[in-house]
Amino acid sequence: SKQNLFVDSINNMRISISNFNPKNYAFTLDFFYRFIFEQYIEKNLTSINKINVISDKYFSALPFELLIINGDRDDNNKFIQKENNDYKYLIQKYNFSYFPSISSFVELESKNKILTANSSFLGIGNPKFAKINTNDSEKLNRVEKIFLNNRGFINNSRKINERYTEIPFTEKELKAISPLFNFSKLLLGNNANEENIKKLDLKKYDVISFATHAEVAGEFDDFNEPFLVMTPPETGSEINDGLITASEISELDLNTKLIILSACNTASKENKYSEGFTGLINSFFIAGTDSVIATHWPVEDKAGYLLMSETLKKIINNNFSTSEALRKTKLEFIDGKYGEEFKKPFYWAPYILIGN
């Protein structure tokens, strides 16, 4: 079916971007631009520089700004790969924001989301993971899987410590962002834990950034929710087991203008039957945020630091909107400001703004 063709094409495109295989992803991105966006959408656009995308469950996995606009085809309409992969992208023509639904667009589009140095900032990141003695095979075998106890939390944090590594650029990222605001608080390392987060009056913060690991639903056995990874305790409790799940997020009391999810796969759907932008993103909207910056695939540590810190600098120092600032930073990546390697879509394209 056409639906399956779209889904398979988008999934293969994302895989080939992560594998740095432009021969595969450039063909797909040219196809989507040429035969869908240009043919059915762009011909109706006049004097437009900002596009709000309300995606269905099939297209929510596609960052539209990635579409290639200078692709070439031969006389048989076969795609011709460019030397040096010298492509131009749709983001070089338009500014993009995404919305989960028509109703969310109507509600969120009118919100005042201007951020200034007087806005308040909370940064949570670089959680600590205890070193595990991998020679202790008996204990390792005993905790092969993560299991929830009958009250819904994890008693034993060992699997979390085994699985995740520390990500020091997230701390650098938050420390670069924090001084932009007159009022800010950081929870880093051992302090980046669930208990500390839940004790805070989160309504005080206009911007909250989670710079950590994230997982989609079903990543662990018997654990069917997406989640953000925090510093795990030695013994888990209901308030603090090392994983802050989508359902826990939805119960937070927020009044934020912007949530930044500087982690992997945070824009992923809850499951294959879900509408677009469910999972973690929907939970933050339920909790009371106006917009979310999220990611479509695993992010590289240093690129994430540069992209987020430079975007926030533009918002605060130059009075740009969030979508404008994010776009301008992506254009700097494409233009090679941060080095030849970071021109590749893998580094700049996963970040999108949901909201305005």
Side-chain angles (χ1 to χ4, degrees), residues 3-37 55 57-73 78-92 96 98 163-165 167 169-170 212-219 226 229 261-269 271-272 276 279-280 293-308 329-352:
Q3 289 175 349
N4 288 337
L5 177 64
F6 286 149
V7 171
D8 290 344
S9 297
I10 291 169
N11 287 339
N12 289 334
M13 175 271 294
R14 287 161 58 109
I15 291 167
S16 61
I17 285 177
S18 298
N19 292 335
F20 300 97
N21 187 344
K23 184 177 179 181
N24 288 345
Y25 70 70
F27 163 80
T28 304
L29 294 173
D30 169 79
F31 175 85
F32 275 117
Y33 175 70
R34 186 180 295 255
F35 296 107
I36 297 176
F37 190 88
S55 289
K57 63 183 177 181
Y58 302 107
F59 280 99
S60 64
L62 174 67
F64 277 73
E65 54 258 58
L66 246 184
L67 302 187
I68 285 173
I69 60 175
N70 68 335
D72 294 321
R73 299 209 166 216
K78 184 178 179 182
F79 180 74
I80 304 169
Q81 187 176 357
K82 286 188 180 295
E83 289 185 25
N84 303 320
N85 303 308
D86 187 21
Y87 296 111
K88 293 189 180 301
Y89 302 93
L90 199 57
I91 194 169
Q92 292 170 279
F96 284 88
Y98 298 80
R163 183 182 181 101
Y164 297 105
T165 56
I167 33 181
F169 265 104
T170 60
T212 180
H213 298 281
E215 298 282 12
V216 297
E219 191 64 29
V229 183
L261 299 179
S262 196
C264 299
N265 300 318
T266 49
S268 298
K269 296 189 300 182
N271 58 61
K272 66 181 180 180
L280 290 172
I293 291 177
T295 57
H296 268 297
W297 54 75
V299 297
E300 196 272 341
D301 203 12
K302 185 179 179 182
Y305 150 66
L306 284 170
L307 212 146
M308 282 299 95
T329 305
K330 288 180 178 182
L331 294 181
E332 289 173 349
F333 271 65
I334 294 167
D335 291 340
K337 179 177 179 179
Y338 304 108
E340 196 69 21
E341 181 68 14
F342 283 174
K343 291 168 73 172
K344 297 173 182 175
F346 172 78
Y347 296 103
W348 57 264
Y351 287 89
I352 61 166

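Only heavy atoms go into these numbers, but all of them, side chains included; no hydrogens, no water, no symmetry mates.
Put simply, the side chain of Arg34 never gets that close to the backbone of Ile69: no donor and acceptor are under 3.5 Å apart. Without hydrogens or angle criteria, Thr28 side chain to Met13 main chain gives no donor-acceptor distance under 3.5 Å. Counting only distance, with no hydrogens or angles, the side chain of Asn70 and the backbone of Asp86 share a donor-acceptor pair below 3.5 Å. Side-chain N or O atoms of Asp30 include none that pairs as donor or acceptor with a backbone N or O of Ala26 at under 3.5 Å.
Heavy atoms from other residues, nucleotides or ligands lying under 6.0 Å from CG of Asn84 number 12 at most. Heavy-atom neighbours of Lys344 NZ from other residues, nucleotides or ligands within 6.0 Å: above the threshold of 12.
The two atoms that bring Arg14 and His296 nearest to each other are NH2-O, 2.5 Å, heavy atoms only. For the residue pair Gly304 and Ser262, the shortest heavy atom distance occurs at O-OG, 4.4 Å. Taking every heavy atom of both residues into account, Ile17 and Pro345 meet most closely at CG2-C, 4.2 Å. In plain terms, the two heavy atoms of Gln81 and Pro22 that are nearest each other are NE2-CG, 3.8 Å. For the residue pair Ala214 and Leu280, the shortest heavy atom distance occurs at CB-CD1, 4.3 Å. Taking each heavy atom of Leu29 and Leu66 in turn, the nearest pair found is CD1-O, 3.6 Å.
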Can Tyr89 and Leu67 be said to form a side chain to side chain contact (heavy atoms under 4.5 Å, CB included), step by step? CA-CA 5 Å; Tyr89 302 93; Leu67 302 187; over 6 Å; no
Is there a side chain to side chain contact (heavy atoms under 4.5 Å, CB included) between Arg73 and Lys78 once you walk through the steps? CA-CA 5 Å; Arg73 299 209 166 216; Lys78 184 178 179 182; over 6 Å; no
Apply salt bridge (charged side-chain N to carboxylate O under 4.0 Å, His left out) to the pair Lys343 and Asp335, showing each step before the final yes or no. CA-CA 7 Å; Lys343 291 168 73 172; Asp335 291 340; over 6 Å; no
Side chain to side chain contact (heavy atoms under 4.5 Å, CB included) between Thr170 and Asp301, worked out: CA-CA 7 Å; Thr170 60; Asp301 203 12; 4.0 Å; yes
For a side chain to side chain contact (heavy atoms under 4.5 Å, CB included) check, start with the C-alpha distance between Ile91 and Leu331, then their side-chain angles and the critical distance, and finish with the verdict. CA-CA 8 Å; Ile91 194 169; Leu331 294 181; 4.1 Å; yes
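For Tyr351 and Trp297, the ring centers are positioned 6.0 Å apart or more. Between Phe79 and Phe31, the ring centre distance reaches or exceeds 6.0 Å.
Taken from CG in Asn24 to CG in Asn21, the straight-line distance is 4.0 Å, to the nearest 0.5 Å. Here the straight-line distance linking atom NZ of Lys23 with atom CG of Asn85 works out to 12.0 Å at 0.5 Å rounding. Between the OG atom of Ser16 and the CZ atom of Phe27 there is a distance of 11.0 Å, given to the nearest 0.5 Å.
Residues Lys330 and Phe96 have side chains not in contact (no heavy-atom distance under 4.5 Å, counting atoms from C-beta outward). Taking 4.5 Å as the limit, every side-chain heavy atom of Thr295 sits out of range of all side-chain heavy atoms of Leu261. Side-chain contact check for Glu215 versus Arg163: some heavy-atom pair is nearer than 4.5 Å. Side-chain contact between Tyr164 and Thr212 is absent, with no heavy atoms from C-beta onward closer than 4.5 Å. Counting heavy atoms from C-beta on, the side chains of Phe32 and Phe64 never come closer than 4.5 Å.
Residues Glu332 and Tyr338 bring a donor and an acceptor atom of their side chains to less than 3.5 Å of each other.
Here the options are Tyr347, Phe342, Trp348, Phe346, the test is ring pair (Phe, Tyr, Trp, His ring centres under 6.0 Å), and the partner is Phe333; only Phe342 passes.
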